[in-house]
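Chain A is the first sequence line, chain B the second, and so forth, proteins listed ahead of strands; every chain is numbered from 1.
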Amino acid sequence: MAQLRETKGHCKMKMEPDRISNLPDNIIDQILSHLSIRDAVRTSLLSSKWRYKWAMLSCLVFDDSSLPFSSQKHLKSNKFGSIIDRVLLLHFGPIHKFELSQKWVVLRDHGVIDGWILHVSRNSTRTLYSMLIQPQSIGCLLCMLKPPPTFKGFRNLKSLKLQFVNLAQYVFENLISSCPVLERLNLGKLESPTHLNINAPNLQFFNVDAFYLGINFENTTRLTEVTISFPFADYREYPSPAHKNSSNLLKFFDQLPHIRRLDISYCFLKVDLDELEENAVGTKTNFWEDDHFNCLFTKLQLVKIINIGDFQPDFDFIEFMLSK
Amino acid sequence: MSSSSTTTTTTRLLMLKASDGVTFEVEEAVATKLGAINNMVEEEGSEDLICLPNVNGKFLGMVLEWCKKHANNNTNSDKGNDEVNKWWDKEFVMDLDQNTLYHLLMAADYLSGTELVDLLTEKVASMIRGKKVEEIRETFKIKSDFLPGQEEEIRKKNSWAFE
């Protein structure tokens, strides 16, 4: 009996040490998500249990930390692109998050990035189970985006961040409107689009930190948080905004009935309000006293305005805001 | 311990019973930091005793200790509290042995303690990050069961990650 217990105990001792390999898949996935792609791929060599764990990683983040060695040399040899190709080729299962950031992306070959985007979008609609689990977040930096006609959009994408992306105005608009459940949109500098026309029925958070000639919301009645910060340097590149449409601002706020937090910095107000006052309403009357605005901002709780100009329209606007 | 302003509202106490019969009396606000308990409270409403057959008392105690700290720190919503939480989280995971880490992870996952799972998986990740395969095997006592040559083959397939 004593002997039996001892051998049992011995067996247990032998089994016990490797705890981590026996964790459930969802936890392993989370552990790997905390790692860079490079570290995650390296776990494939631990044991046969680990061999394909990384390949089911639901978050694919290709950023600077994914490659610790000197990037210059490899950027030339197109290495980044081939690594992403490699990872996508070996990866299987749903992708919840796909991120490419800054130094990673090869600029010369436009087709490459489109291929990745298409691959990720297909991954979400092709297989049966991925109908439920699909990409929820995608970030692209420094790349040219020109999806092929077969591109069906991201039916489950909830969060989108685009910065330094080169895409045509219509591509941008199509991309946004083909993400029907999009909740968060974060935009930096984009090549080509001069106006942001955003049609996103589920959008709740909108952030833009580059200069655009106009921002139009359509069908964005669920939007609750808006942050607009144009860098001053950007604004100075466009000294005469003569082509601005004075109805922009009116329409802009009209599409935000549920707005709760509004952050506006730099010149957005000054430019638009100057235009508005002079063109649409006349310089003497206070634009904000118009009846049209009485129904606006009823849910607004926090307004932050920084670096405003020394202009009457700004104060009128603030006065109006405070009255709400 | 908790701030005086919140104690005026009556805090409901829940009884949590672990697999080994150990019971814990915890404030509802603390226990509901765990998604699974929150769901049970919302669904069953009046039930004050919650049995958790998959968690042993030792680890349930640790999970609840973590919840309590976070619930207390969150009552006064200062920015400094983030720092306090972070500092406390660091202490919490610092000296965990692998067996405890494993059981805590299983318990936190079972109880849907999302934030705690995140903290613990990051702890495991920190033990892997930047290390060589041999070092990771050593840390976690993982035995390679690859056939001769197989390892080389895998290494070649993803040579970029092993450079």
Test your reading of the model: is there a side-chain donor-acceptor pair from A:R222 to the backbone of A:Q204, 3.5 Å cut-off?
no
Heavy-atom distance under 4.5 Å to chain A: side chain of B:E134, backbone, both or neither?
neither
So, taking the atom named CG in B:N38 and the one named CD in B:E28, what distance separates them when rounded to the nearest 0.5 Å?
8.0 Å
For B:E153, is it the side chain, the backbone, both, or neither that has a heavy atom closer than 4.5 Å to a heavy atom of chain A?
side chain
For chain A, find which of B:V133, B:I142, B:N158 contributes the most heavy-atom pairs closer than 4.5 angstrom.
B:I142
In terms of heavy-atom proximity below 4.5 Å to chain A, should B:F146 be classed as side chain, backbone, both, or neither?
side chain
Distance check, rounded to the nearest 0.5 Å: B:M94 atom CE versus B:K123 atom NZ?
8.0 Å
What distance separates A:I20 CD1 from A:I31 CD1, expressed to the nearest 0.5 Å?
4.5 Å
Does the side chain of B:L116 come within less than 4.5 Å of B:F92's, by heavy atoms?
yes
Parallel under 30°, tilted from 30 to 60°, perpendicular over 60°: which one fits the rings of B:H103 and B:F59?
parallel
Check each atom of A:T43 against the heavy atoms of chain B and say whether the ones under 4.5 Å are side chain, backbone, both or neither.
side chain
A:I28 versus chain B, the contacting section by heavy-atom distance below 4.5 Å
neither
Option that, when pairs with chain B are counted at under 4.5 Å, heavy atom only, ranks first among A:L46, A:V41, A:L35:
A:L46
Answer with side chain, backbone, both or neither: which region of B:K131 has an atom nearer than 4.5 Å to a non-hydrogen atom of chain A?
backbone
Side chains of A:I37 and A:I84, heavy atoms from C-beta outward: is any pair under 4.5 Å?
no
For A:S44, is it the side chain, the backbone, both or neither that has a heavy atom under 4.5 Å from a heavy atom of chain B?
both
Is it the side chain or the backbone of A:R42 that comes within 4.5 Å of chain B heavy atoms, both, or neither?
both
